[in-house]
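Everything on this sheet refers to the single structure shown next.
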Amino acid sequence: MGNYRQHITFAWFLGAGYSVAAFMLVPVHWLYGTVATLLATLGGLLPDLDSASGVEMRGFTGILGVLAALATWEAFARVEPNTVFEIHLWAVVLAYVSVRHGLRRILSKLSKHRGISHSIPTCGVWGLLTYLYYPSPYHGLRIVMAVAVMVGFFSHLLLDEICSVDLRGARVNKAFGTAMKFWAPSPWTTLAMYGLLSYLAWRAIAIWPQDPSRFDIPALEIPWQDYIDRVLEAIREPERIEKPERPG
């Protein structure tokens, strides 16, 4: 099977190729393409979340924790009426800790390494999760990002199968066929994964546009100077704290 560096390199390579193709065919703005490449690269490490060891995977779950925290902040920013800063802060902290320290531990307890996490249905689950929770109202853009994650995830399975074949010795090792599969040895984990896949697919279908040909990806113009000016202004002039009025 491939190691950490091989997986992340192969996933980045396929993700970059996918982003270039999307830029030329759709077209997708280059900034969206960079995010799609990033998601594909991270997707290439998702199958190993069931691994209970490895410094690299601990760093990877830290990155996932940061992304979960950002998504949580974005979700709370859309809540009406607006919530106070302290609630935002605690929600972000809890999201980070849950993913950083809880996700791998839960998955390692529920499944064994190269179990159901290394499978085609799990690839679909991560793609659907990306489509459902990517913070954009645009259907087409969410599809682009979901496919990027699935490309990265699939690259992991493909590389594991390639590394299981010894072309020089014309033989395969015992790991061959354990990555790119549709079920795991445990019927319960397999059933649970297909149940989750069905539920997420049902949710995606419920919000799918009525016109299936609609593939809306917004044109993007980045006013860099305006962004820089606003940031500098916010640094120079922070929001003033309103003083409570004294009772007469």
Practice task
Establish, yes or no, whether a centroid distance under 6.0 Å links the rings of H139 and Y131.
Solution key: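 Between H139 and Y131, the centre distance is under 6.0 Å.
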Applying side chain to side chain contact (heavy atoms under 4.5 Å, CB included), can you list everything that pairs with [X], at least two apart in sequence or on another chain?
X    : value
Y194 : P121, F182, T190, L197
F154 : I120, L158, M180
A71  : none
L89  : F85, V93

Handout entry: For W188, ring-ring contact (aromatic ring centres under 6.0 Å, His included) partners two or more places apart
Key =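 Here no residue qualifies.
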Do you know which two heavy atoms are closest between [X] and [Y], and how far apart they sit?
X    : Y    : answer
L132 : R142 : O-NH2, 3.2 Å
V99  : G65  : CG1-N, 3.6 Å
G15  : A40  : CA-CB, 3.5 Å
G127 : A146 : O-CB, 3.2 Å
T72  : A95  : OG1-CB, 3.2 Å
I116 : T122 : O-OG1, 2.6 Å

Residues clustered with [X], ILVMFWY side-chain links under 4.5 angstrom:
X    : answer
I205 : none
I87  : F76, V84
F23  : V20, M24

Please say yes or no: joined through hydrophobic side-chain contacts below 4.5 Å, possibly via intermediate residues, are [X] and [Y] part of one cluster?
X    : Y    : result
L70  : V35  : no
L200 : W202 : yes
L39  : M150 : no
V149 : L31  : yes
L129 : W208 : yes

Handout entry: Stepwise side chain to side chain contact (heavy atoms under 4.5 Å, CB included) check, V66 with R100
Key = CA-CA 8 Å; V66 171; R100 172 66 179 83; over 6 Å; no
For residues [X] and [Y], determine if any side-chain heavy atom of one lies less than 4.5 Å from a side-chain heavy atom of the other.
X    : Y    : answer
Y134 : V144 : no
M145 : L141 : yes
L46  : H156 : no
L42  : L67  : yes
L14  : Y18  : no

Problem - D160 side, atom CG; D48 side, atom CG - distance, nearest 0.5 Å - result: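 CG of D48 is found 7.0 Å from CG of D160.
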Practice task
Quick one: pull up OG in S98 and CG in L64 and give me the separation to the nearest 0.5 Å.
Solution key: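 Going from OG on S98 over to CG on L64, the span is 13.0 Å.
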Exercise for the section: Give the C-alpha distance, both sets of side-chain angles, the deciding distance and a yes or no for side chain to side chain contact (heavy atoms under 4.5 Å, CB included) between F153 and L157. Expected result: CA-CA 7 Å; F153 191 102; L157 307 185; 3.9 Å; yes
Exercise for the section: Determine which pairs satisfy salt bridge (Lys or Arg N to Asp or Glu O under 4.0 Å) with at least one residue from residues 62-76, sequence neighbours left out, and list them in order. Expected result: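 Qualifying pairs, neighbours excluded: E74-R78.
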Exercise for the section: Please collect all salt bridge (Lys or Arg N to Asp or Glu O under 4.0 Å) contacts where either partner lies in residues 8-26, sequence neighbours excluded, each pair once. Expected result: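 Found none.
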Exercise for the section: Would you mind listing every side-chain hydrogen bond (donor to acceptor under 3.5 Å, both in side chains) that reaches into residues 22-45, with sequence neighbours excluded? Expected result: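 Pairs touching residues 22-45 that pass the test: S19-T37.
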Handout entry: CH2 (W73) with more than 12 external heavy atoms under 6.0 Å
Key =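 Above 12, so yes.
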Handout entry: Qualifying residues under side chain to side chain donor-acceptor pair (under 3.5 Å), relative to Y138, sequence neighbours excluded
Key =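 Listed in chain order: nothing, the list is empty.
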